[in-house]
Amino acid sequence: MSNYAYIFTGAIVTYLIRVLPLTLITRPIKNRFLRSFLYYVPYITLSVMTFPAIINQSDNLVSGLIALVLGIVLSYVGAGLFPVALSCCAVVLASELLF
């Protein structure tokens with residue numbers, strides 16, 4: 001019975017998190033700080049989910065860190081998503097074979 005209670009509680013909390021802002025906030029948000037905060041929430045959420053997966057995906061922690069650093073450097077210099085992903089995969093493969 002407790003498994004159903006957990007599922008029901010999770011569903012209610014998820015539903016409330018999505019519905020309450022739609023019902024409570026009816027006017028446009030004019031606060032500059034709050035608008036800036038809400039603008040960056042999706043990027044932060046994606047980063048929090050992605051970075052641990054990048055590092056922990058391979059068997060060796062060093063290869064994940066090397067791929068992460070390479071991906072950051074390549075994206076900083078303006079490389080697109082596909083070249084960055086290919087380069088990171090190649091670095092992980094090469095470092096897994098070396099280590």
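These numbers come from a predicted model, not from an experiment.
- We find the CG-CG distance between Asn56 and Leu61 to be 7.0 Å, quoted to the nearest 0.5 Å.
- Ring geometry, Tyr43 versus Tyr40: the interplanar angle falls from 30° to 60°, so the pair is classed tilted.
- Hydrophobic clustering (ILVMFWY, side-chain heavy atoms < 4.5 Å, transitive): Val48 and Tyr39 are in one cluster.
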Extract all donor-acceptor atom pairs below 3.5 Å that involve side chains of residues 72-89 and protein atoms in other chains or at least two apart in sequence.
from, atom 1, to, atom 2, distance (Å)
Ser75, OG, Gly71, O, 2.9
Ser75, OG, Ile72, O, 3.0
Ser87, OG, Pro83, O, 2.7

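- Using a 4.5 Å cut-off between side-chain heavy atoms of Ile, Leu, Val, Met, Phe, Trp and Tyr, with links allowed through other members, Phe37 and Ile29 fall into the same hydrophobic cluster.
- With Ile66 as the fixed residue, the side chain to side chain contact (heavy atoms under 4.5 Å, CB included) test singles out one of Val62, Val69, Leu68: Val62.
- The nearest pair of heavy atoms linking Val92 to Ser63 is CG2-O, 3.8 Å.
- One N or O on the side chain of Glu96 and one on the backbone of Asn60 form a donor-acceptor pair closer than 3.5 Å.
- For Ser47, the side chain to side chain contact (heavy atoms under 4.5 Å, CB included) partners are Phe51, not counting sequence neighbours.
- For the atom pair OH of Tyr15 and CG of Leu20, the computed distance is 9.0 Å after rounding to the nearest 0.5 Å.
- For the pair Arg35 and Asn31, the minimum side-chain heavy-atom distance is 4.5 Å or more.
- For the side chain to side chain contact (heavy atoms under 4.5 Å, CB included) test with Ile12, the passing option among Thr14, Leu16, Thr9 is Leu16; the others fail.
- Counting heavy atoms from C-beta on, the side chains of Tyr6 and Asn3 come closer than 4.5 Å.
- No single ILVMFWY cluster, assembled from side-chain heavy atoms under 4.5 Å apart, contains both Val91 and Leu97.
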